[in-house]
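Please read the structure below before turning to the comments.
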Protein chains: 2
Amino acid sequence: MLNQIQKKMENTINGLSITDQQLQLVEKLGLMFETPGFQPAAARIMALLMVSDRVELTFDEIRETLQLSKSATSNAINLLLTVQKIDYITKPGDRKRYFRSVIAQWKDGMKDKFKEMEKLGNVMREVLEQRPASTPEFNKNFSEMISLMEYIFQEIPKLFKSWEENR
Amino acid sequence: MLNQIQKKMENTINGLSITDQQLQLVEKLGLMFETPGFQPAAARIMALLMVSDRVELTFDEIRETLQLSKSATSNAINLLLTVQKIDYITKPGDRKRYFRSVIAQWKDGMKDKFKEMEKLGNVMREVLEQRPASTPEFNKNFSEMISLMEYIFQEIPKLFKSWEENR
DNA sequence: TTTCTAGTTCTTAAAATAAAGAACCAAAAA
DNA sequence: TTTTTGGTTCTTTATTTTAAGAACTAGAAA
């Protein structure tokens, strides 16, 4: 009976053991990471490195836990390395790399995301500048929307700053 | 000579005339709208309705200006209608619908986007709550990142409010 | 009533994405 | 030197996305 629950709750494949609850969290987080342009495999790896009990995982632990092929694992890991969402450490007398989530990068990641949205505001202003005077109502609304965007994105860096000061 | 410039600068197909500069803006804006999950055709239509001199365009004006098939135009327009990025008006004695960008929706759109990012914070907290005590360093950094996210997304609605009050 | 307009829907095709599997390779271990 | 480990790279396949084109349709106009 206890064995049955154990079987239901824990999936151990070669070293890394992970619960069903954790796997569900990996899927949920993974879905959220997919939207910012990551392929499913990469998104799941990012998620796994946040969810799993051990925070430094080898290539094979990742591969087997997520049931990926070597190529998919390799490509996803290298993608995440180049965008610096993960990095790795090595251990003396061990050839494997141990990959881990670069949490510090998340702050910069958020900043980048806001910067992206800010760019939209800039193009919008470009659009406004070339609009004809013949559509005053539209132009007014459009201009107001841009003002809002610009206000928000001017204030957001201040939020980062004030958070850093107050913690 | 002037004719040549005219030809180079203006593209008139059946009613709606648009300059090369405007078409370039449509492409640029279109690319930015693609990332939030819009298909190219829909993204370009949104962009066109912001860029073109006339802000209310018919099905065929859109179709011909963007060189789309009827089906692509129809599907993209209906997508944009259901997510309320565009709406349309009708004119007496005219069977066509005139589509236009719903600019007011952009403010809500931004709010939705921030809400999306907020959701990520919530799942992150869920992840934190199930983390083992055996990784204190990781947990601490993770927790700090979540605090930052929560702080930012708690402050952003205030920004919207203060903008609305001050304009 | 028939025809036309303003689209919609269905089927197909092209292209892009994602990942599997096998072959391959460099460095370390035996 | 040969073998093993820890991957990488190449080729192929499956899936998804995007859009074209043709056939179709509801309501208005003739």
Side-chain angles (χ1 to χ4, degrees), chain A residues 13-16 26-27 30-49 56-83 85-100, chain B residues 13-16 26-27 30-49 56-83 85-100:
Chain A
I13 336 167
N14 196 13
L16 183 69
V26 168
E27 286 310 300
L31 277 178
M32 314 200 91
F33 294 155
E34 272 182 54
T35 2
F38 286 106
Q39 41 182 197
R44 287 200 187 95
I45 291 175
M46 271 210 279
L48 177 63
L49 291 174
E56 294 159 1
L57 303 182
T58 65
F59 187 98
D60 271 326
E61 283 169 341
I62 293 169
R63 221 202 77 235
E64 290 180 14
T65 308
L66 298 179
Q67 313 247 61
L68 293 169
S69 67
K70 283 178 112 189
S71 52
T73 309
S74 175
N75 289 325
I77 281 178
N78 287 322
L79 170 64
L80 292 173
L81 283 173
T82 57
V83 300
K85 284 289 173 200
I86 66 174
D87 65 3
Y88 62 85
I89 55 163
T90 50
K91 299 181 179 187
D94 188 344
R95 269 217 268 165
K96 301 190 230 25
R97 293 179 291 176
Y98 289 79
F99 300 97
R100 56 184 190 182
Chain B
I13 337 168
N14 193 12
L16 183 68
V26 168
E27 285 310 300
L31 277 178
M32 314 199 91
F33 294 154
E34 271 182 55
T35 1
F38 286 106
Q39 42 181 197
R44 286 198 187 95
I45 290 175
M46 271 209 279
L48 177 64
L49 291 174
E56 293 158 1
L57 304 181
T58 65
F59 187 99
D60 271 326
E61 284 169 340
I62 292 170
R63 221 202 77 235
E64 289 179 14
T65 308
L66 298 180
Q67 314 247 62
L68 293 168
S69 67
K70 285 177 110 187
S71 52
T73 309
S74 175
N75 288 325
I77 281 178
N78 287 322
L79 169 63
L80 292 174
L81 283 173
T82 58
V83 300
K85 284 290 173 201
I86 66 174
D87 65 3
Y88 62 87
I89 54 163
T90 50
K91 298 182 180 186
D94 188 343
R95 268 219 265 166
K96 302 190 229 23
R97 292 178 291 174
Y98 289 80
F99 299 97
R100 57 184 188 180

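Every chain is numbered from 1, with letters handed out A, B, ... down the list of sequences. Heavy-atom basis, side chains included; hydrogens, waters and symmetry copies ignored.
Look at CD on A/Q39: it is 13 Å from C1' on C/dA16, rounded to the nearest Å. Taking atom CG of residue B/L68 and atom P of nucleotide D/dT17, one finds them 19 Å apart after rounding to whole Å. Taking atom CD1 on A/I62 and atom C1' on D/dG6, their separation rounds to 13 Å, with Å as the unit. Atom C1' of nucleotide C/dA22 and atom CZ of A/R63 are separated by 14 Å, given to the nearest angstrom. B/F38 has its CZ atom 15 Å from the P atom of D/dT17, to the nearest Å. Between A/N78 atom CG and D/dG7 atom P there is a gap of 10 Å when expressed in whole angstrom units. Following rounding to the nearest Å, A/K70 (NZ) and D/dC10 (C1') show an atom-to-atom distance of 14 Å. One interatomic measurement links the two molecules: CD1 of B/I89 to C1' of C/dA6, which rounds to 16 Å at whole-angstrom precision.
A/A76 comes within 4.0 angstrom of nothing in the nucleic acid, heavy atoms only. At a threshold of 4.0 angstrom between heavy atoms, the contacts of B/I77 with the nucleic acid are absent. Backbone-only contact: B/K96 has heavy atoms under 4.0 Å from sugar-phosphate atoms and none from a base.
Side-chain N/O atoms of A/R97 include one lying less than 4.0 angstrom from OP1 or OP2 on D/dT8. For the OP1/OP2 pair of C/dA18 and a distance below 4.0 Å, the side-chain nitrogens and oxygens of A/N75 include no atom meeting the criterion.
No more than 12 heavy atoms of other residues, nucleotides or ligands shown are found within 6.0 angstrom of OH on B/Y88.
Annotation: cation-pi pair A/K96/A/F59 absent, no NZ/CZ under 6.0 Å from the ring centroid and within 45° of its normal.
Side-chain atoms of B/T65 and B/L57, non-hydrogen and from C-beta on, never get closer than 4.5 Å to each other. In this structure, A/Q39 and A/L79 have side chains that are in contact, with non-hydrogen atoms separated by less than 4.5 Å.
For the pairing with A/R97, the side chain to side chain contact (heavy atoms under 4.5 Å, CB included) check across A/I89, A/L81, A/T58 returns one residue only, A/L81.
In this structure, of C/dA18, D/dA19, C/dT8, it is D/dA19 that holds the atom nearest to the side chain of B/A41. The side chain of A/S69 sits closest to C/dG21 out of D/dA20, C/dA26, C/dG21. Here C/dG7 is the nucleotide among D/dA19, C/dA18, C/dG7 with the atom lying nearest to any side-chain atom of B/F59. Considering only side-chain atoms of B/R95, the nucleotide from C/dA6, D/dA19, D/dT9 that sits closest is C/dA6.
When the nearest nucleotides of DNA chain C are assigned to A/G93 and A/A72 by heavy-atom distance, the more 5′-ward of the two goes with A/A72.
Under 3.5 Å, the side chain of B/S71 and the base of D/dG21 form at least one donor-acceptor pair of N or O atoms.
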